[in-house]
Amino acid sequence: MYRNALLLFSLNPLSRFLVTRTGLMKRFVKRFVAGESLDEAMEAAKDLNARGCHVTLDLLGESVKDLEQASRATKEYVEMLDRIAAEKADSNISIKLSALGLDVSRDEAKRNLLKVLAAAERHRIFVRIDMEDSSYTQRTLDQFREVFPQHHDVGVVVQAYLFRTEKDVEQLIKEKARVRLCKGAYREPPEISFARKSDTDRNYEKLMERLLTGGNYPGIATHDENLVKAALEFVKENKIPKDRFEFQMLYGIREDIQKKLAKQGFNVRVYVPYGGEWYAYFMRRLAEHPANLKFFVFQTIRR
Ligand code: FDA
């Protein structure tokens, strides 16, 4: 219930107004978001690189409602790629198709995606297409498949909480696509998704094993200690080399595990979000972890 309520708030304009006007950026939001500017994100990326972690930069913003906004986001993604290349940061980028205008025009979103991929290819930087809520799943996979034959440095994300994902994983393995596996961060109906967290976790482990044996450099994106442990045991038992996959975690979450894995020589990639449009991302992080809300309220009262 807690999770559903916060995910509902993540879509609510009044709640957005109240949270973004409380001036908490510097206090609590800063824990999950590297800053509002690309400069701040680059600084965070370099710090993480110095600690032995790879990075994926993410410009926050989703569900744009007009093509001008989509075009602006496209330019910002290209600017991000130019900057990563110019500063030789060890980073790729993550993008959302709804930020490129998928809700407004499918064709325009594809044109924008191709512009981003062309810039990425120039700099030899990988682009990950994030997965949004289930109303985007098929459209995202379709657009990915349309560009993948020409642009191999692009990958996609699947969510273990969806029933359909097992089939998607099998298909993506056949296509040799690079896949990030996450649990899923949105509010989904029980007809299409596991209602119980334990079922999602079980499905995650099964899909993770499938991707570790058959996938193309999968991204194991979780902070769940049990799943990280299961991954470590599985790769050991199956003699899967460390350079065949990577762990992925979010900026500011379980830095202890991030450091430990990097020290052990595993590839660890940290997802570094930045930008002014942090509200929806921030609310999803609150929804995932009840302790965050207590801390957030406590910080607000103390001010
Ligand atoms: P789980 O929620 O079970 O948490 C396990 C432990 O991690 C918790 O006990 C706690 O210690 C810690 N933790 C998790 N979330 C926390 C939080 N918010 N604050 C503090 N501690 C927390 N989703 C999606 O739908 N589409 C996408 O494209 C992506 N992309 C993505 C990239 C990367 C790199 C990661 C790591 C995650 C995503 N996600 C995502 C989000 C993902 O679906 C999921 O919501 C979160 O990762 C939380 O799930 P865990 O696997 O961490 O497990």
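Order of appearance sets the numbers: ligands from 1, and atoms from 1 within every ligand.
- If you take CD on E237 and CD on E209, they are separated by 8.5 Å, rounding to the nearest 0.5 Å.
- No salt bridge links K183 with E288; every basic N to acidic carboxylate O contact stays at or beyond 4.0 Å.
- Although no hydrogens or angles enter the test, the distance criterion places a donor-acceptor pair under 3.5 Å between the side chain of E40 and the main chain of S37.
- Side-chain atoms of E246 and H54 form no donor-acceptor pair, as typed in the model, at a separation below 3.5 Å.
- Among all protein heavy atoms, the one lying closest to atom 50 (P) of ligand 1 is T222 OG1, 3.6 Å.
- The side chain of Q159, and not its backbone, has at least one atom closer than 4.0 Å to an atom of ligand 1 (non-hydrogen atoms only; side chain from C-beta on).
- Using a 4.0 Å cut-off between heavy atoms, Q248 contacts ligand 1 through both its backbone and its side chain.
- Of the charged side-chain nitrogens involved, at least one lies within less than 4.0 Å of a carboxylate oxygen, so that R145 and E175 count as a salt-bridged pair.
- Summary of contacts: the protein heavy atom closest to atom 33 (C) of ligand 1 is L250 CD2, 3.5 Å.
- At a heavy-atom cutoff of 4.0 Å, ligand 1 is contacted by the side chain of R254 but not by its backbone.
- Shown here for K242 and N267, the closest heavy-atom pair between the two residues is O-ND2, 3.6 Å.
- Contacts between R31 and ligand 1 below 4.0 angstrom, taking non-hydrogen atoms only, involve the side chain exclusively.
- Each of Y204, Y161, F163 was scored for a ring-ring contact (aromatic ring centres under 6.0 Å, His included) with F194, with one residue passing: F163.
- Residue Y186 touches ligand 1 through its side chain alone, judged by heavy-atom distances below 4.0 Å.
- With a 4.0 Å cut-off on non-hydrogen atoms, I253 touches ligand 1 through its side chain and not its backbone.
- Looking at atom 5 (C) of ligand 1, its nearest protein heavy atom turns out to be D224 CA, 3.6 Å.
- In this structure, atom 1 (P) of ligand 1 has a protein heavy-atom contact shorter than 4.0 Å.
- An N or O contact shorter than 3.5 Å links E288 to ligand 1 by distance.
- The protein atom (non-hydrogen) at minimum distance from atom 23 (N) of ligand 1 is C182 SG, 3.4 Å.
- Rounded to the nearest 0.5 angstrom, M80 CE and Y274 OH are separated by 4.5 Å.
- Here K197 has side-chain heavy atoms under 4.0 Å from ligand 1, and that is the only part of it that gets that close.
- Look at R254 and D256 and you find a salt bridge, because one of the NZ, NE, NH1 or NH2 atoms lies within 4.0 Å of a carboxylate O, short of that distance.
- Under 4.0 Å from ligand 1, heavy atoms of D130 appear from its side chain as well as its backbone.
- Judged by the shortest distance from any of its heavy atoms, R180 lies inside the 4.0 Å radius around the atoms of ligand 1.
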